Structure formats: structure tokens, C-alpha cells
Amino acid sequence: MDVLAVPAHRHKGWYLSLMAPNTKGPAFAWLDPSRLYCNSQALADCVADLLSPFSSDTVDLVAGIDAMGFILGASAATSLGKGFLAIRKAGHLCVATQSQNYSDYTGREKTMETRLDVLKPGVRVLLVDQWIETGGTMKAAIELVEQLGATVVGVAAVAVENTKGGKWIKDNYRVSHCIPEELQSQVDRKHLESFKSFNS
Ligand SMILES: O=P(O)(O)OC[C@H]1O[C@H](OP(=O)(O)OP(=O)(O)O)[C@H](O)[C@@H]1O
Ligand SMILES: Nc1ncnc2[nH]cnc12
């Protein structure tokens with residue numbers, strides 16, 4: 001497979017077949033979406049798909065979640081002509097922070113944090129991450145934004161699994177993702193048909 005090739009006809013979600021299956025076992029996520037970012041058209045189409053539901057909304061700031069959410073988040077911010085706020089895993093920011101504990105698909109307890117001097121009432125934030133599995137990470141980010149008084153305009157990720165937490169986010173916030181309806185069940189089963197023809 002030529003990772004950098006662009007097909008003549010770009011059907012919805014064409015770039016999802018660039019995502020790589022896990023070959024390292026259960027300590028890791030079940031797939032790695034990040035190869036699609038290597039293809040400039042794939043990255044552009046993915047970001048456009050994530051932003052299209054919010055085209056009529058006012059977004060003041062895009063916030064992306066450490067680490068892989070920085071890539072899509074910063075791309076989305078640039079595309080919107082807005083700034084980017086990093087929501088970081090704990091222990092990296094050398095300024096005053098608000099923090100939030102959470103657990104994610106690994107089952108581990110984690111903490112994320114963000115600086116105190118940007119989010120405030122009236123700031124409308126689009127939250128971006130690479131993937132939503134249990135929803136623990138995104139829910140913690142939502143809580144951080146809201147604790148500081150800012151407003152979550154929406155939530156965007158390549159995929160939102162239909163877990164309890166994923167459904168809670170879909171039920172309570174405006175959500176955009178890149179998964180065509182006919183592929184959602186594959187995402188929920190944590191196995192994509194495209195893995196069969198995947199070659200590195
Ligand atoms: O819905 P959840 O179960 O909470 O999982 C989703 C989170 O897990 C992944 O990141 P990970 O922590 O693996 O880190 P990375 O972005 O550094 O790869 C993903 O990018 C989300 O941030
Ligand atoms: N990047 C990712 N891919 C698949 N499942 C995930 N769960 C959490 N992060 C994930």
C-alpha cells in the first residue's frame with residue numbers, strides 16, 4: 001500500500017483504511033489511526049469531515065488532548081483560523097493548572113490538566129481528540145473546560161465507540177466523527193474489515 005497515494009475518487013471515510021491494526025497485544029489500543037495523518041489529503045479530508053457539522057457555529061478556540069489529539073486539534077484550529085489550547089497529561093505544564101482525574105481504556109487512573117489563564121466564561125471551545133473508546137478521557141476534558149466556565153461547542157474525534165461513555169458524550173454534546181454509518185458496527189466490535197487487506 002502506498003501510504004501517500006490519493007485515490008481518484010475519495011468516498012466518505014476513504015482514508016480510514018490507512019489506519020493500522022494493533023500487532024502488539026492487549027496492552028495497546030486496538031488500532032493506530034495516526035498513519036492517516038501521513039497522507040496530506042487524508043489529513044485534510046479528515047479535518048474537513050470533523051469540522052463540517054460546526055460550520056455555522058462560533059468557535060473561539062480549539063482544545064486538543066495530549067498526545068495524538070494535538071495533531072487533529074492543531075490542524076482543525078489552523079483550518080478555522082483559531083488558536084489551539086493543549087490539554088495535557090499531568091506533570092508537564094510549568095504554570096498554574098486546573099486538573100481532572102479520569103480513567104481510560106487501559107483501566108489506569110490518570111490526570112489531565114490545563115492552564116488557568118485562557119478558558120473563562122464566554123469562550124466557546126471545540127474539543128478534539130484522536131479517538132473516543134470508553135469516553136473517560138473526553139469526559140475529563142469536558143469537565144476541565146466547564147469547571148473553568150467556558151462552553152463546549154462540540155466534541156470531535158476520528159471515531160466514537162458506542163460504549164457507555166461514548167453514548168453519554170453523544171447524548172449530551174454535539175459530536176462529529178469520521179465513521180460512515182455502515183462502518184460503526186466494525187468500530188464497536190473493534191475490528192475493521194480493512195484490516196484483512198492491510199499491508200504495511
Ligand atoms: O475513550 P478513552 O477510553 O478514554 O480513550 C481515548 C484516549 O486514548 C487515546 O489516547 P492515549 O491515552 O492512548 O494516548 P496518546 O494520545 O498519547 O496515544 C486516545 O487518543 C484518547 O485520548
Ligand atoms: N487510538 C486509539 N485507537 C483505538 N482505540 C483506542 N482507544 C483509545 N485510543 C484508541
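All values below were derived from every heavy atom in this structure, side-chain atoms included, with hydrogens, water molecules and symmetry-related copies excluded. Source: prediction; values computed, not measured. Whatever order the structure lists them in is the order used to number ligands and atoms, beginning at 1.
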Quiz item: How far apart are the C-alpha atoms of Gln100 and Gln147, what are their side-chain angles, what is the distance that settles it, and do they pass the side-chain hydrogen bond (donor to acceptor under 3.5 Å, both in side chains) test?
Solution: CA-CA 10 Å; Gln100 181 65 47; Gln147 279 160 16; 2.6 Å; yes

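Contact annotation for Pro33 and ligand 2: only side-chain heavy atoms (C-beta onward) come within less than 4.0 Å of the ligand. When heavy-atom distances to ligand 2 are checked against a 4.0 Å cut-off, Gln130 comes that close only through its side chain, counted from C-beta outward.
The shortest N or O to N or O distance between Asp32 and ligand 2 is not under 3.5 Å. Residue Glu133 has at least one nitrogen or oxygen atom sitting less than 3.5 Å from a nitrogen or oxygen atom of ligand 2, judged on distance alone. The shortest N or O to N or O distance between Ala29 and ligand 2 is not under 3.5 Å.
Using a 4.0 Å threshold on non-hydrogen atoms, atom 18 (O) of ligand 1 counts as touching the protein.
The option with the heavy atom closest to atom 21 (C) of ligand 1, from among Thr134, Thr137, Asp129, is Asp129.
With salt bridges taken as basic N to acidic carboxylate O contacts below 4.0 Å, one links Lys190 and Glu133.
Remark: distances from the non-hydrogen atoms of Gly135 to ligand 1 include one below 4.0 Å.
Partners of Lys110 by salt bridge (Lys or Arg N to Asp or Glu O under 4.0 Å), not counting sequence neighbours, listed by chain and number: Asp104.
The closest protein non-hydrogen atom to atom 9 (C) of ligand 1 is Tyr105 CE2, 3.9 Å.
Residue-ligand proximity, Trp30 to ligand 2, at heavy-atom distances under 4.0 Å covers atoms 4 (C), 5 (N).
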